[in-house]
Structure formats: structure tokens, C-alpha cells
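See below for the structure under consideration.
Both ligands and their constituent atoms are indexed starting at 1 by order of listing. Each residue takes its place number in the sequence, starting with 1.
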Amino acid sequence: MTITHDLHIHTALSLCANREAHAEGYLAIAKEIGLTKLGFSDHYWDEHIDAVFPREGVESFYGPQNTAHIEQLRPQLDALRGQGVEILFGCETEYDPFHHGVAITEAVAERMDFIIVPNSHTHMMMPASLYEPYEKHADYMVNAYREIIESPVSRYITAMAHPFEAVCCPYDNRLLLKLISDDCYRRLFDRTAQKGIAIEINMSCWGRKTHAEIEQDPVLHLFCLAKECGCRFTFGSDAHDHLAHQTYADHTSFVSTLLGLGEEDLSPITK
Ligand SMILES: [Zn+2]
Ligand SMILES: [Zn+2]
């Protein structure tokens with residue numbers, strides 16, 4: 001199946017993105033590579049939610065990435081509409097471990113076209129003492145996942161961003177996937193499906209990989225379980241630079257075929 005959407009894109013408003021990454025550049029490349037829907041999702045922490053961060057440096061990351069900051073993109077996107085590519089304004093907000101929920105208020109969530117939330121930004125949200133033993137790290141992500149999908153704003157969540165793929169992990173993050181039982185995944189994915197939240201298939205880790213390498217990736221097992229549980233999917237590049245976006249479509253159809261996905265397996269927002 002050809003994937004024609006990308007619902008995970010960062011512009012220069014994300015402090016970790018390339019300073020030159022802009023919506024216009026993404027749109028130009030989207031037309032080249034045949035995408036018909038782009039969802040912009042800069043990093044976001046709602047300033048109405050008081051933040052208690054367990055790690056140094058996180059406050060200076062999320063503090064400035066507030067509502068006024070990400071809203072700067074909205075008029076830029078409005079100017080790019082009507083060119084044959086549907087454009088959505090959203091955000092990648094955060095798991096809020098302090099309040100056991102999500103770092104966005106209902107008032108702001110209402111105004112977003114879509115929202116993605118990761119349970120796996122453990123490099124920011126998890127105390128570093130939980131990296132080892134690995135079981136603690138895996139348990140942290142299970143608990144974060146549960147709290148996200150059970151949070152009061154869960155009905156606004158479009159997809160779980162890169163689920164269980166621990167970001168900037170000091171060791172191979174795939175080691176963690178096997179520490180969580182299939183039963184545990186199934187319980188979480190059953191609930192995810194019930195809530196109408198999609199599972200994101202994040203392409204960023206496969207950029208330079210061969211098809212043979214992708215086939216061996218243990219994260220695919222999670223997607224198979226999620227599919228069995230009736231979850232729908234979104235695809236996302238997680239691009240932090242529009243020039244890097246050129247390769248986004250290289251593997252999406254391979255992965256969707258590998259997982260046996262059909263149109264009915266994609267989240268309605270992708271249509
Ligand atoms: Zn992320
Ligand atoms: Zn991202």
C-alpha cells in the first residue's frame with residue numbers, strides 16, 4: 001500500500017530541529033514524493049500545566065515551547081493551503097509523569113487538528129536512575145503508556161508517537177521491547193483500539209536501513225500485536241529537517257506491506 005501522509009513533522013520551532021526546517025520546504029518535497037497530507041507536530045508543553053521535570057535541561061527545552069510559540073506556525077500553514085496537499089496543525093506534546101497524564105489542557109487540545117504523544121521520551125521524562133536494570137526502563141514506558149491513554153485528554157489523542165522506542169537510549173533500545181510480555185502489550189493495545197487512538201509507525205530509525213534489516217526489527221512485532229488488537233495506524237517521518245524528508249517514502253510502502261496493512265488499518269485522519 002502506498003502511504004500518502006506524514007503525521008509527524010518538526011519545523012525550526014522545535015528547538016531540536018534544523019534551524020532551516022520550514023513548512024514551505026516540507027510542502028515542496030511532499031509534492032515531489034507524492035504525499036497528499038502533512039501534519040506538523042512541533043514539540044509542545046502547555047504552559048497551563050505546571051511542570052516538574054525529573055531531568056536537568058528539560059525545563060529549558062519545554063519552557064519556551066509553549067502555546068504562543070507553536071502557534072506561530074498556524075498562519076504560515078494557512079498561507080500554504082490550496083496547493084493539493086492537505087495541511088494539519090498539531091503538536092507532539094509530552095507525557096506528564098508528575099500529574100500522571102499528558103502535558104496539554106483540554107482548551108488547547110480542542111484547537112489542534114491532531115495530537116501525538118510519546119511514552120518513550122525517557123531521555124527527558126524518566127529519572128536517569130531507571131535506565132538500569134533494563135526492566136525498570138521498560139516498566140516506566142508501560143506505566144507512561146497506560147497513564148497517557150487513560151488521561152482526561154485521551155479523546156483528543158490521535159496517535160501514540162514512536163511507542164516503546166526509547167529515544168536517545170544509552171543502550172540498544174530494542175533490548176527493552178522483549179522485556180514486556182505480549183499479554184501486557186495486548187492489554188494496552190486493546191485499550192488503545194477502544195479509545196480510537198492510533199499507533200504511529202515512526203520511520204526515523206529506518207532511514208539508512210535495508211529492507212532485510214527492517215524485516216528483522218523487533219519493533220514490528222509490536223505493530224503486529226497492535227493490528228491483532230484492532231488498532232489503527234498513522235505513519236510519521238519525525239523529520240527535523242525538510243531536506244531529510246526526501247527519503248521518507250522510501251520504506252513506507254515496504255513496511256505497510258510487511259505488516260499486511262490495508263486502507264482499513266489506517267487511522268481515519270490519514271484519509
Ligand atoms: Zn518524539
Ligand atoms: Zn518528533
*asked:* Parallel, tilted or perpendicular, judged at 30° and 60°: which one describes the rings of Tyr185 and Phe189?
replied: parallel
*Phe98, CZ atom: more than 12 neighbouring heavy atoms under 6.0 Å*: no
*Salt bridge between Arg81 and Glu86, side-chain N to carboxylate O under 4.0 Å?*
no
_Heteroatoms of the protein, restricted to N/O/S, which lie under 2.8 Å from the Zn ion (ligand 1)_ = Glu92 OE2, His121 NE2, His162 NE2
*So among His240, His10, His245, His242, which one has a ring-ring contact (aromatic ring centres under 6.0 Å, His included) with His22?*
His242
*Answer whether the closest heavy-atom distance between the side chains of Leu220 and Leu259 falls below 4.5 Å.*
yes
*Show the numbers, then the answer: is there a side chain to side chain donor-acceptor pair (under 3.5 Å) between Asp183 and Ser181?*
CA-CA 5 Å; Asp183 270 359; Ser181 70; 5.5 Å; no
